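In this chain, residues are counted from 1 in sequence order. Here the structure is a predicted model, which means the values were calculated and not measured.
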Amino acid sequence: MATETEYQPYEPFEWPDEEPTKPEEPIEPAEPTRREKATAAFKTQRGHASARTKDWLAGGDLDPVTVIQLATEKKQRKYNEKVAQQERAAAVARAHFEVAKAQTEAGEKNGNGLAAHAGRTAAEESKLEQLRAEPVLPPTDREINAARSSKRAGRAAIVAGGGLGGLSALGTAIEQAATGQPMLLAALGTAAGYGWYLVSRPFVDGQPAPAPITPEQLAAPVIDLTKPEQQPGMREFNAPPPPALTADELESALRAIGEVKGEEQIQILAVPQRDRDGNTTVVFDLPPRTTVAELKKKLSKLAGALGRDVSMVDLEKAGTEVRTSLWMTDRDPFEDTRPSPLIKAPAQVDAWKDGVPVAWNKRGATIRLAINNQSFVIAGMTRSGKGVGASNLVVGAAFDPRINLRIVAGKNNGEWDPYAKAGVASTYFKPSPERLLALLKALLADKDRRERDLGKLGKSKMVVPVIEQVGGLEVLVIDEVATYTRPGKPLRDEILEALIELSAVAAGAGILMVLITQYPEADVIPQALAMNCGARWAMRVENGTQSNAILGGGQSSAGRDASKFDPPRPGFGWLVNPFAGVTDLARSFDLDEDERGEITMLLEKAAKIREKAGRLAGHWDDPIEQHLLNATGLSSAAGGPKRDGVPGRHILTHTPEQRMQMDACRGALKAMDELERDVAQLDEMSQIIGGGMTEERLSELLRAGGAGGTVKITVPHKPGRVNGYKRADVKDALDLLEGA
């Protein structure tokens, strides 16, 4: 049963007067629209792009090494263009020569100027060879500054043409695309967007932030640059060359020889790099306390500090007194011999302007000695190679038909006979003090005549346009000059007086000398004579005093000592060439006569050039030989009547063919002498004659010279009768030729 619930009184509900307050929540700003976000982002990016553009236009990214590299590449391009232009000129000259040659062979009169085309071809090819031999020096300060300015100007031109302005327009286009035109953004393409990003990156500590990694780079395989462990017994092939000279190695070497001291430092301007030939060139500034000239005096010590021989290091001034161009190589550049360039291209040369090739220097460039305004001294002890060096000079001179060669031998051997046999030597005789003095007096008299002719032409000295008008250049070659100038020699004082006068006053009239000696002493070549011989070549000598007698006083103390070649090599020595501003090591080209007959071969080529110009001995009015003939009654033109250096009573008027025929007859008679019989076959005679003489050529010359054809003879050790020549027939032909 339910109980009754107790009653509770009702309390009425009262409404509050005010609603309770709640804490205020912060009002969030309205979310920016896409347009506002894009505007802010591209405003920042445009600022970055503007800053980057200004830095780019100012060349902020062009560090010194980069600018030097740009200048070097520009200089190399100009050099390559110059070589290419000269190659075209040489090719055109060669083509014209071939056309003229073909016309001549076809019988056309004058062959369209064959001689002129041959001369032009030789000149152009000589210029090309000289140009190729010129080293491309490091850029100067002016060239470096020009490269930097050129780069800035090019960038400014890009901006002026709209190249970088397009980037700003691109930013505007991207902004518009991001604010409602997504299809336009797609049309701009990925490349444009990536390019905009590259210029709009922010700077990090003043430098551009790194470029982003592209998906292609992320997908590229990782290359392991660690060297795999070499298995025992395996040989390592293709070992890399040693690194190029480092700045620390160079500075250490300079400190070792005292050129850099204390806190001093060198400044590297061109980073050393090794080229394919193993050569390294570095350009640097020395401390201001010293100079390049002072460093050159310590070249041998510097080479030692760098672990090389003095022949493997070269120094040049690269502008200022402290700016140095150091060249070094890993291999002795004079170790191997080189053939004369004339062997490959025996063409006419311009000895006055271009010089003649005689040697090469440390860097492998051909040294050409100009035959103008200077006399020469070539000296060295026995077997030093002075004869080869002199041969390069004199053979080269033979290829310029304007040069009249006067050769005075110091010995009675046949070293200089090829010049007479080819008809190249205008004068040639063997030891004779009386005839040498007569020759010197003839040259002095001719000097007076030349000076009068120059005066009539309005010239104070010999210049190119008047060389042929005054009779060409006179080059007097005296081999073993000590034969005539050592104390006690006959007529020594008179000969020395005439030599000194010629060296002092005759060069301006085109009369020069080449003095060769193995006794480079003051009593052989006095100072008054040596000082007027500008070009000097000192090969191996006995002591520093002899070296100074050739090169000049004090040269040995400056590091140029021809007595300290280790190892000595034939034709290797110090060469002073003042007109080229060169005093450097040089080695003469290999030019052999005894075994390879190269001098004879070259002189035969030179004789053909001279024959076309009408300048073979005996084919022109020679005032010097006329003077000698009047004074002595004997002629030494082309070595005398027998072309053996013995003056005779007949002036040589034989043609080149007759001279070759006489040579063949003399060779055949000499062969019979060696065989000790009065008959011989062609094959055995040609072998004894040598010098490239063949049976066919010998038969042709003997027949044309008047010896007739072969006859039946009896030769020991051969059965029956065979074909050959008799001594009497060859001797009769020679007598007939010599009396022609």
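One finds the CD atom of Gln265 at 7.0 Å from the CZ atom of Arg255 (value rounded to the nearest 0.5 Å). To the nearest 0.5 Å, the span separating CG on Leu512 from CG on Asn373 amounts to 7.5 Å. Taking CD1 from Ile371 and CD1 from Ile403, the interatomic distance works out to 4.0 Å, rounded to the nearest 0.5 Å. If you take CZ on Arg363 and CH2 on Trp327, they are separated by 7.0 Å, rounding to the nearest 0.5 Å. Rounded to the nearest 0.5 Å, atoms CG (Asp354) and CZ (Arg368) are 6.0 Å apart. Note that the CH2 atom of Trp537 and the CG atom of Leu551 stand 12.5 Å from one another [nearest 0.5 Å].
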Before giving the answer on side chain to side chain contact (heavy atoms under 4.5 Å, CB included), spell out for Leu286 and Thr291 the whole-Å C-alpha distance, their side-chain angles and the decisive distance to 0.1 Å. CA-CA 7 Å; Leu286 288 165; Thr291 63; 5.8 Å; no

In sequence, state the C-alpha distance, the side-chain angles, and the governing distance for Thr290 and Val260, and then conclude on side chain to side chain contact (heavy atoms under 4.5 Å, CB included). CA-CA 9 Å; Thr290 187; Val260 176; over 6 Å; no

Stepwise, does the side chain to side chain contact (heavy atoms under 4.5 Å, CB included) test hold for Lys353 with Val464? CA-CA 8 Å; Lys353 180 181 178 182; Val464 174; 5.7 Å; no

Audit row: Met462, Ile467, side chain to side chain contact (heavy atoms under 4.5 Å, CB included) steps and yes/no: CA-CA 7 Å; Met462 183 72 77; Ile467 290 178; 3.9 Å; yes

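Side-chain atoms of Lys362 come within 3.5 Å of backbone atoms of Val313 as a donor-acceptor pair (strictly under, hydrogens ignored). Judged by distance alone, the side chain of Arg402 and the main-chain N or O of Leu473 form no donor-acceptor pair under 3.5 Å. The backbone N or O of Val388 lies less than 3.5 Å from a partner atom in the side chain of Asn392, making a donor-acceptor pair. Ser340 places a side-chain N or O within 3.5 Å of a backbone atom of Leu342 that can act as its donor or acceptor partner.
Residues Arg560 and Ser547 approach most closely at O-OG, 3.7 Å, considering heavy atoms. Closest approach of Leu250 to Phe284, counting heavy atoms only: CD2-CD2, 3.6 Å. The heavy-atom pair separating Pro357 from Thr366 by the smallest distance is CB-CG2, 3.8 Å. Of all non-hydrogen atoms in Leu245 and Thr280, the two that sit nearest each other are N-CG2, 4.2 Å. Of all the heavy atoms in Ser311 and Leu585, the pair that sits closest is CA-CD1, 4.0 Å. The two residues Val395 and Phe399 come nearest to each other via the heavy atoms O-CD1, 3.3 Å.
For residues 291-303, the pairs satisfying salt bridge (charged side-chain N to carboxylate O under 4.0 Å, His left out) are Glu259-Lys298, Glu294-Lys297, with sequence neighbours left out.
Salt bridge status for Arg308 with Asp332: absent, with no side-chain N to carboxylate O gap under 4.0 Å. Between Arg331 and Asp336 there is a salt bridge, since at least one side-chain N of the basic residue sits less than 4.0 Å from a carboxylate O of the acidic one. By the 4.0 Å N-to-carboxylate-O rule, Glu81 lies too far from Arg77 to be salt-bridged with it.
Applying the side-chain hydrogen bond (donor to acceptor under 3.5 Å, both in side chains) test to Glu321 and every residue at least two apart in sequence or in another chain returns Lys317. Partners of Pro570 under the side chain to side chain contact (heavy atoms under 4.5 Å, CB included) rule, at least two apart in sequence or in another chain, are Arg587. Among residues two or more places apart in sequence or in another chain, the salt bridge (charged side-chain N to carboxylate O under 4.0 Å, His left out) test is passed with Asp309 by none. Applying the salt bridge (charged side-chain N to carboxylate O under 4.0 Å, His left out) test to Arg338 and every residue at least two apart in sequence or in another chain returns nothing. Under the rule for a salt bridge (charged side-chain N to carboxylate O under 4.0 Å, His left out), Glu73 has no partner lying at least two apart in sequence or in another chain. Listed by chain and number, the residues in a side chain to side chain contact (heavy atoms under 4.5 Å, CB included) with Lys261 are Glu264, Arg289 (sequence neighbours excluded). With sequence neighbours left out, Lys75 forms a salt bridge (charged side-chain N to carboxylate O under 4.0 Å, His left out) with Glu143. With sequence neighbours excluded, the residues forming a side-chain hydrogen bond (donor to acceptor under 3.5 Å, both in side chains) with Glu87 are Arg132, listed by chain and number. Checked against side-chain hydrogen bond (donor to acceptor under 3.5 Å, both in side chains), Asn80 has the following partners two or more places apart in sequence or in another chain: Gln76. Under the rule for a side-chain hydrogen bond (donor to acceptor under 3.5 Å, both in side chains), Ser325 has no partner lying at least two apart in sequence or in another chain. With sequence neighbours excluded, the residues satisfying ring-ring contact (aromatic ring centres under 6.0 Å, His included) with Phe589 are Trp360.
Using a 4.5 Å heavy-atom threshold, the side chains of Met312 and Leu306 count as separate. A 4.5 Å side-chain heavy-atom check between Val356 and Asp400 finds every atom pair outside the cut-off. Side-chain contact between Val394 and Val475: absent, with no pair of heavy atoms (C-beta onward) separated by less than 4.5 Å. A heavy-atom distance below 4.5 Å is not found between the side chains of Lys344 and Pro339.
Residue Asp584 forms a side chain to side chain contact (heavy atoms under 4.5 Å, CB included) with just one option from Leu575, Ile367, Asp314, and that option is Asp314.
No more than 12 heavy atoms of other residues, nucleotides or ligands lie within 6.0 Å of CD in Glu468, so this atom counts as exposed by the packing criterion.
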